[in-house]
Amino acid sequence: MNQFKNVHILDHPLIRHKLAIIRDKNTDTKTFRDVIKEIAMLMAYESFKDVPTQEIEVETPLEKTKQTIVKENSIAIVPILRAGLGMVDGILSLFPAAKVGHIGMCRNEETLEPEEYYCKLPANIDEKVVMVVDPMLATGGSACDAVAQLKKRGCKNIKFLAIIAAPEGVEKLAKAHPDVSVFVSMLDRCLNEHGYILPGLGDAGDRIFGTK
Ligand code: PRP
Ligand code: URA
């Protein structure tokens with residue numbers, strides 16, 4: 001059950017279908033990567049119903065008409081390295097002119113606390129709608145820190161997209177940043193004693209990059 005107003009669980013049959021593929025431990029690296037990209041695109045479609053738009057004039061073969069287009073350069077995508085990188089291309093396929101920043105976070109596997117090792121963001125990020133992306137929201141530590149970094153740089157309109165989340169991570173992020181809209185394609189059962197999501201899909205970064 002989701003009791004947080006700022007959290008949206010997409011839970012769509014098409015996404016469930018794709019999740020079944022990436023959860024399977026026998027899925028190869030290329031398929032895993034491709035499906036992560038497809039889910040990211042579907043999530044971007046769903047989470048950008050309030051995308052900034054502008055009116056332009058278009059001439060059809062019959063007459064001039066006012067039409068609405070997306071203000072693509074008002075959007076920044078910020079993947080949390082490494083695994084978040086896997087979601088970027090899917091979102092760029094919908095918003096090709098979006099800017100991309102990077103935040104490097106690594107979870108200390110003993111303490112489960114996030115450690116930031118890199119941060120490079122587009123100019124004027126404080127004026128953009130910022131979409132922070134990471135396939136996994138586990139304890140929520142990485143997500144909370146990444147969002148806090150962006151707020152320090154003046155970002156006011158932040159969305160967070162995770163493919164799979166644990167209830168623990170959703171609660172932590174929703175409470176720490178109630179002004180951030182959190183989109184999750186599926187809410188899983190819980191975390192195990194090592195901070196992995198159950199049933200989950202294992203280590204998203206390792207599966208995207210084939211490092212294990
Ligand atoms: C994973 C994942 C998230 C983080 C989630 O990254 O991609 O960034 O863990 O865990 P949390 O919610 O408990 O902070 P990881 O630290 O494994 O780094 P990687 O992307 O380089 O594999
Ligand atoms: N990070 C991952 O990649 N997977 C998990 O299940 C938890 C954190």
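Small disclaimer: the values here were computed from a predicted structure and weren't measured. Indexing begins at 1, ligand by ligand and atom by atom, following the structure's order.
With R207 contributing its side chain and G202 its backbone, the two residues share no donor-acceptor pair below 3.5 Å. Formation of a donor-acceptor pair under 3.5 Å by the K156 side chain with backbone atoms of G154 is found in this model. With hydrogens and angles disregarded, a donor-acceptor distance shorter than 3.5 Å links the side chain of K159 to the backbone of S47. For N2 (side chain) and V7 (main-chain N/O), a donor-acceptor pair under 3.5 Å exists by modelled atom type. Looking at T27, its side chain does come within 3.5 Å of a backbone N or O of I21 through a donor-acceptor pair. Under a 3.5 Å cut-off, the side chain of H177 and the backbone N or O of D179 do not form any donor-acceptor pair.
With ligand atoms numbered from 1 in the order given, ligand 1 contributes 11 (P), 12 (O), 13 (O), 14 (O) to contacts under 4.0 Å with heavy atoms of T139. Close approach of ligand 2 to G195 (heavy-atom distance below 4.0 Å) involves ligand atoms 7 (C). Contact atoms of ligand 1 toward D203: 17 (O), 22 (O) (distance under 4.0 Å to a heavy atom of the residue). Atoms of ligand 2 found under 4.0 Å from any heavy atom of G202, numbered from 1 in the order shown, are 2 (C), 3 (O), 4 (N), 5 (C), 6 (O). Every atom of ligand 1 with a heavy atom of C106 under 4.0 Å away is listed here by number and element: 16 (O). Near A138, with a cut-off below 4.0 Å to any heavy atom, the atoms of ligand 2 are 7 (C), 8 (C). In summary, the atoms of ligand 1 found under 4.0 Å from a heavy atom of G205, numbered by their order in the structure, are 22 (O).
With a heavy-atom cut-off of 4.0 Å, A204 does not touch ligand 1 at all. Of the heavy atoms in A83, both backbone and side-chain atoms come closer than 4.0 Å to ligand 1.
Here the heavy atom of the protein found nearest to atom 16 (O) of ligand 1 is R107 N, 2.8 Å. Of the protein's non-hydrogen atoms, the one nearest atom 7 (O) of ligand 1 is D134 OD1, 2.9 Å. Protein heavy atom in closest approach to atom 8 (C) of ligand 2: R107 NH2, 3.5 Å. At the top of the distance list for atom 22 (O) of ligand 1, counting protein heavy atoms only, stands R82 NH2, 3.0 Å. The protein atom (non-hydrogen) at minimum distance from atom 6 (O) of ligand 2 is I197 N, 2.8 Å. In terms of protein heavy atoms, atom 5 (C) of ligand 2 is closest to Y196 CD2, 3.4 Å.
On a distance-only criterion, M136 and ligand 2 share no N/O pair closer than 3.5 Å. Ligand 1 has no N or O atom lying under 3.5 Å from any N or O atom of Y117, backbone or side chain. At least one N or O atom of A138 sits closer than 3.5 Å to an N or O atom of ligand 1. Among the atoms of D206, none of the N or O lies under 3.5 angstrom from an N or O of ligand 1. Here's the thing with A204: one of its N/O atoms is less than 3.5 angstrom from an N/O atom of ligand 2. At least one N/O-N/O distance between S142 and ligand 1 falls below 3.5 Å. For ligand 1, one of its N or O atoms has an N or O atom of G140 under 3.5 Å away.
Judged by a 6.0 Å distance limit and a 45° cone about the ring axis, K37 is not positioned over the six-membered ring of F32.
Judged by distance alone, the side chains of D28 and T31 do bring a donor and an acceptor atom under 3.5 Å apart. With no hydrogens or angles considered, a side-chain donor-acceptor pair links E115 and N108 at under 3.5 Å. Side-chain polar atoms of T65 and E63 form no donor-acceptor pair below 3.5 angstrom.
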Exercise. Which is it for R82 and D206 under the salt bridge (charged side-chain N to carboxylate O under 4.0 Å, His left out) test, yes or no, and what are the steps along the way?
Worked result: CA-CA 9 Å; R82 288 176 301 169; D206 283 335; 3.1 Å; yes
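Within a 4.0 Å radius of atom 5 (C) of ligand 1, the protein has at least one heavy atom. At a distance under 4.0 Å, a protein heavy atom can be found next to atom 19 (P) of ligand 1.
Of the candidates L121, D126, V130, L121 is the only one forming a side chain to side chain contact (heavy atoms under 4.5 Å, CB included) with R153.
Side-chain contact between D134 and I163 is absent, with no heavy atoms from C-beta onward closer than 4.5 Å.
Here the shortest heavy-atom pairing between E116 and I103 reads CG-CG2, 4.5 Å.
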